[in-house]
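These notes are about the structure you will find just below.
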Amino acid sequence: MQPDLLPGHRAVLSLQQLRNISPLVHCMTNDVVQSFTANVLLAIGAAPAMVIEAQEAAQFSPVAHALLVNIGTLTADRRDAMLAAIHAANESATPWVLDPVAVGGLTFRTQFAHQALALKPAAIRGNASEILALAGEHSGGRGVDSTDDAFSALPAAQALARLTGAIVAVTGERDYITDGENSWSVSGGGILMTRVVGTGCALSAVVAACCSLPGSRLDNVAAACQFMKFAGQQAISASCGPGSFIPAFLDALYGLNGEALA
Amino acid sequence: MQPDLLPGHRAVLSLQQLRNISPLVHCMTNDVVQSFTANVLLAIGAAPAMVIEAQEAAQFSPVAHALLVNIGTLTADRRDAMLAAIHAANESATPWVLDPVAVGGLTFRTQFAHQALALKPAAIRGNASEILALAGEHSGGRGVDSTDDAFSALPAAQALARLTGAIVAVTGERDYITDGENSWSVSGGGILMTRVVGTGCALSAVVAACCSLPGSRLDNVAAACQFMKFAGQQAISASCGPGSFIPAFLDALYGLNGEALA
Amino acid sequence: MQPDLLPGHRAVLSLQQLRNISPLVHCMTNDVVQSFTANVLLAIGAAPAMVIEAQEAAQFSPVAHALLVNIGTLTADRRDAMLAAIHAANESATPWVLDPVAVGGLTFRTQFAHQALALKPAAIRGNASEILALAGEHSGGRGVDSTDDAFSALPAAQALARLTGAIVAVTGERDYITDGENSWSVSGGGILMTRVVGTGCALSAVVAACCSLPGSRLDNVAAACQFMKFAGQQAISASCGPGSFIPAFLDALYGLNGEALA
């Protein structure tokens, strides 16, 4: 059974809080999406900071509102710095989010992802193939693309949420967000978003920002998904292809308001 | 004597195959152009994946359709990972492409480029200064810019193709693509493309995608050059400067179709 | 007392020289802004080259017109390469510019920044919090954002300029540029520029380009600030948010001309 759609007023509440607090998000993300991720956070009203040297990362995550760990271009150095940042985040109760890019197919990152899972992420955001792989189920992911449908991965997402205590967001044509007991779905966006690099990775950064907000973490993470789907849909209407989508998408995030969302 | 222009119907055939197969391109490229390269591949219908840790790179290149090696921001770690990926690619018959950015002037990358040359690239894509330097001829390159005319480097490109077995593309105002015996030229684009970072680097990624297609590799590499020149020319018409060129170029790649190309 | 605004004809002179010489700028900058920095330099008429491996960096900075050192994503490897490049730059009289991103709050980069200060930068460009921290005064910076007003940091900037011999630019809603004795202010731009990542970092790259020009270095650095404020203001008028600002800004830099600036 499909979970209910996130009610608009809950997304509105998260947006108001996001704009009021402007969370500082410590981003440890992959080399490809650094600039786009920072611009997405800035456009929506949060503040990005990319700090990656191990001792600095451990010094910084406790003063940030949230930490993002994305394994897209993981290296041995980056892994060590991420672990230092995660441990420091946990000691200071800074929520951290795992984006397990392409987990399952590649040994090095898969080992790291499982190690990280034990360190209590506040949320996990991935496509169906990634969530299935993380939950120990077979996945046919090809590189960073999912070959599985998001709804088919909802049971795995729920199991993963119960196992780890994290909110799990499995995203695709429709997104599903679960704490293991309750779940929301979010619709919007469109296929053009898969022809632009970093829309999923940037969503994970917005998820991190929203994990720092007061109130229901399940609702806040679902709201993050809703912001991106909503702005994505607006941007698709305003663009002629993936090139013009990018500026239109940032403009739409910047212009997001409660009235339209509700 | 100027080589003939690539016939339109050959570029059309390559485009159809590219869109049908959607090759997964393992990109080991420089820090500056990661996002643009990924967006170019996505726009044209291929799939990028940036995997850079040595053991992952060696695990991934055999399952990709093609591998790109670009030395623009080479480091010692990256060199080792590239060599691991190239060896694994060669063992599994994954074609790989060398983009020898700024080779000649800087010792570290020049040594690596010559080492890589011996490892049988399927194609090499560079500007005139880079191809001249790689062929052992004097070059007056300044940083990443070419100070030489592409046509003047065609004999060096032909010699390099015969020596290595690679298709060599020397690009500039007009592009020349050769297997050492036969050559094509490709025209289009415009000077504005040199005011945007990464157009050459992204072309090398499209060359890699096209090296994985069935049929004549010479034709397929020339087609990659044609796609970029054609979309570049369309984007120049639609833009007011290098800023608006970027989204227009990605839109044009996304909208490329056989009718217009032919 | 507010310093005088930089006279338009001085900015025009710097722009003419920049376009004539097209300085080659060796950029050692952070991972987030590489592409935007390169595109800003290309749009305004300079030439970027990102060279980061230690031995290459030391080989390249002497042949570049200027070197940029930005510590936004400093790592131990990058620090060593930067020091090698700075020493080589100093031996060959290549001017180099320090962008001390988020200095003060994080130990590793703060130690490096103070070490670099002793190596005679030609110019330093930072926001108020960064300049205050570098001058040894308390700062309340939050990540990369300044929580201080630029004018309030002018005395610290002047002291820093006298101490180091560098031109110091402290940037914000209005920019102040000083050699310790004489100072200029520069106005323009707008708040939207703080919602796009890398505008400050890219300015530092343009400052580096301008440090290589003949004539008054104070005027040339102030002119760099003026170019960005002026183009920023034009782009804000032409855009609907931070997304459309980016292409409009690059177009405006590309189209900068003396008539409008004067």
Side-chain angles (χ1 to χ4, degrees), chain A residues 29-40 70-80 101-112 140-147 191-202 235 238-251, chain B residues 22-65 73 75 77-78 80-81 196 231 234-235 238-239 243-256:
Chain A
T29 189
N30 70 68
D31 294 343
V32 189
V33 302
Q34 303 260 352
S35 175
F36 185 65
T37 300
N39 279 329
V40 163
N70 172 306
I71 65 173
T73 54
L74 193 68
T75 61
D77 282 353
R78 204 57 71 89
R79 174 198 57 194
D80 297 344
V101 180
V103 73
L106 294 163
T107 309
F108 180 73
R109 69 182 64 198
T110 302
Q111 286 174 341
F112 173 77
R142 193 191 81 146
V144 299
D145 294 337
S146 182
T147 50
I191 194 79
L192 195 59
M193 295 181 80
T194 66
R195 293 279 115 200
V196 172
V197 80
T199 50
C201 297
S239 62
C240 318
S244 46
F245 173 83
I246 297 170
F249 181 59
L250 294 172
D251 285 356
Chain B
S22 186
L24 177 59
V25 182
H26 179 184
C27 298
M28 302 186 80
T29 189
N30 70 69
D31 295 342
V32 190
V33 303
Q34 302 259 354
S35 173
F36 184 64
T37 301
N39 278 328
V40 163
L41 287 173
L42 287 167
I44 207 168
M50 278 68 176
V51 176
I52 58 169
E53 204 274 336
Q55 58 174 279
E56 285 202 337
Q59 198 178 3
F60 190 63
S61 66
V63 300
H65 288 93
T73 53
T75 60
D77 281 354
R78 205 58 71 89
D80 296 344
V196 172
Q234 287 190 303
S239 62
S244 46
F245 172 84
I246 297 170
F249 181 60
L250 294 172
D251 285 356
L253 287 171
Y254 183 72
L256 264 188

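Labels below follow one simple rule: chain letters A, B, ... track the order of the sequence lines, proteins then strands, and each chain is numbered from 1.
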**OP:** Determine the minimum heavy-atom distance between P242(A) and A43(B), stating which atoms define it.
**Re:** CG-CB, 4.0 Å
Original post:
Checking F36(A) against chain B: side chain, backbone, both or neither under 4.5 Å from a heavy atom?
Top reply: neither
Subject >> Partner set under ring pair (Phe, Tyr, Trp, His ring centres under 6.0 Å) for F245(A), not counting sequence neighbours >> reply: F249(A)
**OP:** Quick one: closest heavy-atom pair of G241(A) and Y254(B), and the distance?
**Re:** CA-CD2, 4.0 Å
**OP:** For a side-chain contact (heavy atoms from CB on, under 4.5 Å) with R195(A), tell me which candidate from N39(B), L41(B), L42(B) qualifies.
**Re:** L42(B)
**OP:** Locate the shortest heavy-atom distance separating R78(B) from D31(A); write the atom from each residue and the value.
**Re:** NH2-OD2, 3.9 Å
Original post:
Considering all heavy atoms of both residues, which atom of T73(A) and which atom of M50(B) are nearest to each other, and what is their separation?
Top reply: CG2-O, 3.6 Å
**OP:** Please report the closest heavy-atom contact between T75(A) and E53(B), naming both atoms and the distance.
**Re:** CA-CG, 3.7 Å
Original post:
Taking only residues two or more places apart in sequence, or in another chain, which ones meet S244(A) in a side-chain hydrogen bond (donor to acceptor under 3.5 Å, both in side chains)?
Top reply: D251(B)
Original post:
What closest approach, in Å, do I246(A) and L250(B) show between heavy atoms, and which atom pair accounts for it?
Top reply: CD1-CD1, 4.4 Å
**OP:** Decide yes or no on side chain to side chain contact (heavy atoms under 4.5 Å, CB included) for V51(B) and R109(A), but give the supporting numbers first.
**Re:** CA-CA 10 Å; V51(B) 176; R109(A) 69 182 64 198; 4.1 Å; yes
Original post:
Checking V32(A) against chain B: side chain, backbone, both or neither under 4.5 Å from a heavy atom?
Top reply: both
Subject >> Q55(B) versus chain A, the contacting section by heavy-atom distance below 4.5 Å >> reply: side chain
